[in-house]
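See structure below.
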Amino acid sequence: MIHMIQRAEDQAAELAMSAYRAAVADGQLPQADIQRAPVEIPKDPKNGDFTTTFALAATKALRIPPRNVAQILLNYLKLDGSYFASAEIAGPGFLNFRLNKDWYRDVLAAVESEGEAYGTSDNLKGQKIMVEFVSANPTGPMHMGNARGGVLGDTLAAVLQACGADVTREFYVNDAGHQIDKFAQSIEARYLQIIKGKDAVPFPEDGYQGDDIRELAQTYYDRHGEDLLGADVQVRRDTLARFGLDINLPKMKSDLERYKIHYDQWFFESTLHKSGFVKETVDKLTARGYTYEKEGALWLKTAEILTALYRRAGKTDKEIEKLDLKDDVLRRANGFYTYFAGDIAYHRNKFEIRGFDRVINVWGADHHGHVARLKAALDALGLDGTGRLDIVLMQLVKLLRDGEVVRMSKRTGKAISLSDLLDEVPVDAARWFFNSKPDTQMDFDLGLAVREDSENPIYYVEYAHARICSLLRNMKSEGMAVPKVKDVDFTLLTGETEEALMRQISQFCEVIRLSARDYDPSHINRYLVELAGCFHRFYTVCRIKGEEAHIAQARLKLADCTRVVLENGLRLIGVDAPEKM
RNA sequence: GCGCCCGUAGCUCAGUUGGAUAGAGCGUUAGACUCCGACUCUAAAGGCCGCUGGUUCGAAUCCAGUCGGGCGUACCA
């Protein structure tokens with residue numbers, strides 16, 4: 001659990017600060033309120049491994065030109081016993097640090113001792129987090145957006161876990177409400193059409209038109225015949241809805257499992273209604289004075305709650321007025337609770353009953369209008385939705401083939417479903433491509449995903465791994481095993497490509513941290529491509545086989561550590577690391 | 001109308017919360033295998049970071065406008 005980047009960064013900051021304090025003590029620099037020296041990693045390695053912008057940032061407070069500040073700091077800098085070999089002034093006043101052998105050795109030592117755990121941390125230790133994702137309507141097949149949401153949610157959960165959080169993956173099943181009624185009535189109509197003939201039974205105007213509904217009706221008919229023909233309408237619909245869900249849900253589950261997505265919990269909306277939790281939650285809002293009745297319906301004072309919230313956030317009344325905030329119905333005039341009411345109860349359950357510290361929902365961008373009001377409702381319940389509920393909105397997916405937008409499957413003529421996609425594209429390619437930055441609209445190119453060449457970055461990364469495995473096999477057959485760090489002479493790893501590779505290895509933990517912080521696990525993909533690139537460059541320049549034994553061993557160790565990190569990274573995003581390709 | 005997201009190389013995208021000469025990959029062009037896997041590597045060309053102002057030592061990044069694209073604005077879920 002050693003973050004090598006963090007350690008070096010902290011050390012550079014401390015060195016700069018103690019140099020500053022020493023300079024102040026000597027009267028060389030004026031006293032100012034500076035807590036910590038800002039440290040960054042320069043984009044260009046020519047500018048050192050770490051840099052502090054202390055002099056630039058402090059120039060105003062100190063009233064001294066930045067280069068002069070930097071020069072005085074440098075005079076007082078003591079690098080003995082640190083991870084740094086040297087420091088120098090550059091540009092307008094950057095103070096650049098260069099790492100020494102001790103640090104590189106400690107990086108590989110961390111990989112060696114932590115193995116599969118290398119990259120994990122305890123940044124989020126003790127936090128109980130739920131990631132709810134996909135939660136597609138069980139009334140029909142899942143679409144492309146669900147594939148992206150599935151991969152994103154699952155990978156995000158993995159990243160949070162790697163940061164030490166206690167993570168639950170959950171699928172919320174909307175098995176109640178209007179949508180399900182429509183589902184029931186649609187199957188019912190198809191069922192009755194089978195018995196009485198197509199023209200004898202009208203199909204509901206807003207019913208589900210899809211063939212999957214016909215198939216459900218047919219399957220029911222095949223198994224149970226006409227037994228529902230004379231049944232009570234409500235019984236008939238309930239039975240058919242139940243029947244449909246019992247077929248659809250396992251199908252969804254298995255489709256998601258093809259994507260290597262496994263849930264800890266499938267949570268049924270209906271349980272919230274049956275147990276009275278929805279009613280109780282709405283009553284609680286009423287008791288707190290956040291509801292009113294109008295035209296027979298019960299409304300939530302969304303506008304009022306949000307107005308108070310926005311005022312506290314510093315918005316002016318004029319700005320708030322422009323937003324034209326509206327209230328929301330919780331209980332319809334017909335006595336039924338809305339989806340929104342159920343959703344409030346559901347999230348109250350997450351926080352209050354199950355005690356999650358933080359809840360993350362992965363939603364399609366088309367639901368963004370619901371973010372503010374759900375948080376507001378939770379705030380009204382005293383559950384701090386604003387602070388503890390995070391919604392990751394992901395933009396929709398556009399499916400392409402040879403640059404053309406694909407809407408329908410050529411084979412089936414229907415919208416392309418999750419399993420259709422996997423029939424055409426390897427799972428790992430799908431996992432790789434869908435793990436992209438959530439807030440950019442994404443093109444998924446079917447042609448590219450199946451290509452096994454350099455245009456497809458996943459093969460670039462996998463190839464690096466396979467190459468290392470092959471190398472290890474070769475060396476093993478020649479009798480050379482991977483040495484322990486304590487037996488490696490690090491003064492032999494001084495090449496540019498060797499150091500670049502070690503630095504890249506050291507950044508893994510930081511990348512996971514950033515992925516968790518930004519809710520964007522695609523940082524991992526980019527990191528892995530870069531890591532693979534560092535390795536390929538190293539491999540081109542540095543030979544192992546046939547080199548002098550100590551050099552060969554040191555390089556072999558470096559290659560093996562690279563392999564471990566590639567595996568850890570690929571595992572995190574749910575992609576296999578092949579030993580041969 | 002109002003709100004949210006996105007405009008960066010021909011294409012697909014990065015840019016670690018304001019830092020140095022804006023970076024990759026693909027594509028294009030020119031090179032590198034008697035040698036551990038060439039599914040690789042090296043180099044070149046390619047940019048008013050949509051546009052206009054502002055904030056400051058310093059802006060692709062923050063603020064205000066503006067123009068494009070996507071999405072939303074239900075007693076649907």
Side-chain angles (χ1 to χ4, degrees), chain A residues 5 38 40-44 46-47 51 53 56-57 59-60 65-66 90-94 96 135 137 139 174 176-180 182 206 269 294-299 322-326 328-334 336-340 342-343 364-372 393-396 398 403 436-443 445 448 451-457 459-460 462-464 466-475 478 507 510-511 513-514 517-518 522-523 526 529-530 532-533 535-537 539-547 552 555-556 559 580-581:
Chain A
I5 287 289
E40 333 176 340
I41 298 172
K43 276 177 268 185
D44 189 341
K46 285 189 183 71
N47 293 319
T51 188
T53 52
L56 294 162
T59 184
K60 205 171 185 184
F94 293 97
N96 298 338
S135 299
N137 245 308
T139 52
N174 306 132
H178 186 251
Q179 218 62 338
I180 286 294
K182 231 164 72 176
D206 60 345
E269 181 186 359
K294 190 178 86 182
E295 294 160 7
L298 186 72
W299 297 70
K322 245 177 45 178
L323 294 175
D324 192 24
L325 298 169
K326 291 192 177 84
D328 296 288
V329 172
L330 294 172
R331 194 181 60 223
R332 298 185 204 111
N334 64 15
F336 289 104
Y337 290 98
T338 57
Y339 176 84
F340 182 43
D343 215 18
D366 51 341
H367 288 68
H368 74 79
H370 307 286
V371 175
L393 292 171
M394 48 154 206
Q395 301 295 316
L396 304 180
K398 197 162 65 179
S436 60
K437 211 167 148 184
D439 55 12
T440 57
Q441 280 174 59
M442 191 197 141
D443 293 343
D445 195 312
L448 176 60
R451 280 178 70 165
E452 303 196 359
D453 59 25
S454 57
E455 236 186 283
N456 192 343
Y459 288 100
Y460 184 77
E462 288 184 342
Y463 179 65
R467 220 177 184 188
I468 297 171
C469 290
S470 165
L471 172 67
L472 292 170
R473 281 192 301 269
N474 284 342
M475 298 312 287
E478 291 189 10
Q507 302 220 27
E510 177 69 4
V511 167
R513 210 206 83 217
L514 290 176
R517 186 198 65 183
D518 301 342
S522 69
H523 280 116
R526 293 186 287 274
V529 170
E530 189 53 41
F535 176 77
H536 287 311
R537 287 187 283 275
Y539 187 84
T540 303
V541 175
C542 300
R543 289 197 55 81
I544 294 171
K545 201 172 165 182
E547 287 288 331
R555 290 175 179 170
L556 190 62
K580 286 180 184 172
M581 291 174 74

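Per chain, numbering begins at 1; letters A, B, ... match sequence-line order.
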Base, sugar-phosphate, or nothing: which does A/A90 touch, judged by heavy atoms less than 4.0 Å apart?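 Here A/A90 touches the bases of the nucleic acid.
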Across the strands shown, which category fits A/S436 at heavy-atom distances under 4.0 angstrom: base, sugar-phosphate, nothing?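 Here A/S436 touches no strand at all.
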Please report the distance separating the [atom1] of [N] from the corresponding atom of [M], rounded so that it comes out in whole Å.
N: B/G47; M: B/C5; atom1: C1'; result: 25 Å
N: B/A30; M: B/G70; atom1: P; result: 40 Å
N: B/G27; M: B/A74; atom1: C1'; result: 47 Å
N: B/C51; M: B/G68; atom1: P; result: 15 Å
N: B/C13; M: B/U52; atom1: C1'; result: 27 Å
N: B/C57; M: B/C2; atom1: C1'; result: 39 Å
N: B/A59; M: B/G54; atom1: C1'; result: 11 Å
N: B/A32; M: B/G69; atom1: P; result: 48 Å

Under 4.0 Å: is that the gap between some side-chain N or O of A/Y460 and OP1 or OP2 of B/C41? yes
Protein-nucleotides 31-37 of chain B N/O pairs closer than 3.5 Å?
unit_1	atom_1	unit_2	atom_2	d
B/C35	O2'	A/R543	NH2	2.8
B/C36	O3'	A/N474	ND2	3.1
B/C36	O2'	A/N474	ND2	2.7
B/C36	N1	A/Y539	OH	3.4
B/C36	O2	A/K545	N	2.7
B/C36	N3	A/I544	N	3.1
B/C36	N4	A/Y539	O	2.7
B/C36	N4	A/C542	O	2.9
B/G37	OP1	A/S470	OG	3.0
B/G37	OP1	A/N474	ND2	2.9
B/G37	OP2	A/N474	ND2	3.4
B/G37	O2'	A/Y463	OH	2.4
B/G37	O2'	A/R467	NE	2.8
B/G37	N7	A/S470	OG	2.9

Once you round it to whole Å, what is the distance between [atom2] of [N] and [atom1] of [X]?
X: A/Q507; N: B/G15; atom1: CD; atom2: P; answer: 14 Å
X: A/D518; N: B/U61; atom1: CG; atom2: C1'; answer: 14 Å
X: A/L56; N: B/G58; atom1: CG; atom2: P; answer: 12 Å
X: A/H536; N: B/C39; atom1: NE2; atom2: C1'; answer: 8 Å
X: A/K398; N: B/C11; atom1: NZ; atom2: C1'; answer: 13 Å
X: A/K437; N: B/U8; atom1: NZ; atom2: C1'; answer: 11 Å
X: A/F94; N: B/G18; atom1: CZ; atom2: P; answer: 14 Å
X: A/K43; N: B/U17; atom1: NZ; atom2: P; answer: 11 Å

For a 4.5 angstrom cut-off between non-hydrogen side-chain atoms, does [X] reach [Y]?
X: A/L556; Y: A/L472; value: yes
X: A/F340; Y: A/H370; value: no
X: A/H178; Y: A/D206; value: yes
X: A/E510; Y: A/I41; value: no
X: A/L56; Y: A/F94; value: yes

Quick check for you: to the nearest 0.5 Å, what is the distance between [X] atom [atom1] and [Y] atom [atom2]?
X: A/E40; Y: A/N47; atom1: CD; atom2: CG; value: 11.0 Å
X: A/H523; Y: A/K437; atom1: NE2; atom2: NZ; value: 7.0 Å
X: A/Q179; Y: A/N174; atom1: CD; atom2: CG; value: 8.0 Å
X: A/K545; Y: A/R555; atom1: NZ; atom2: CZ; value: 15.5 Å
X: A/F535; Y: A/I468; atom1: CZ; atom2: CD1; value: 4.0 Å
X: A/D328; Y: A/W299; atom1: CG; atom2: CH2; value: 8.0 Å

Identify the pairs formed between an N or O of the protein and an N or O of nucleotides 65-76 of chain B at a distance under 3.5 Å, and give each distance.
unit_1	atom_1	unit_2	atom_2	d
B/C71	O2	A/H368	NE2	3.3
B/C75	O2	A/A333	N	2.9
B/C75	N4	A/E295	O	3.1
B/C75	N4	A/E295	OE1	3.3
B/C76	OP2	A/R332	NE	2.3
B/C76	OP2	A/R332	NH2	3.1
B/C76	O2'	A/H178	ND1	3.2

Using the purine O4'-C1'-N9-C4 or pyrimidine O4'-C1'-N1-C2 torsion, is B/U42 syn (within 90° of 0) or anti?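 Here B/U42 takes the anti form, which means its glycosidic angle is more than 90° from 0.
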With syn defined as a glycosidic angle within 90° of 0 and anti as the rest, where does B/C4 land? anti
Could you check whether A/D324 pairs with A/K326 (Lys NZ or Arg NE/NH1/NH2 to Asp/Glu carboxylate O, under 4.0 Å)?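 Counted as a salt bridge, because a side-chain N and a carboxylate O are separated by less than 4.0 Å.
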Residue met sooner reading RNA chain B from 5', once A/S522 and A/N96 are mapped to nucleotides: A/S522
Fill in the dot-bracket string of RNA chain B, one character per base: . for unpaired, | for a pair to another strand, ( ) or [ ] for pairs within the strand, taking Watson-Crick or G-U pairs under 3.5 Å. (((((((..((((.....[...)))).(((((.......))))).....(((((..]....))))))))))))....
Check against ring pair (Phe, Tyr, Trp, His ring centres under 6.0 Å), A/H536 and A/Y463: CA-CA 9 Å; A/H536 287 311; A/Y463 179 65; 5.6 Å; yes
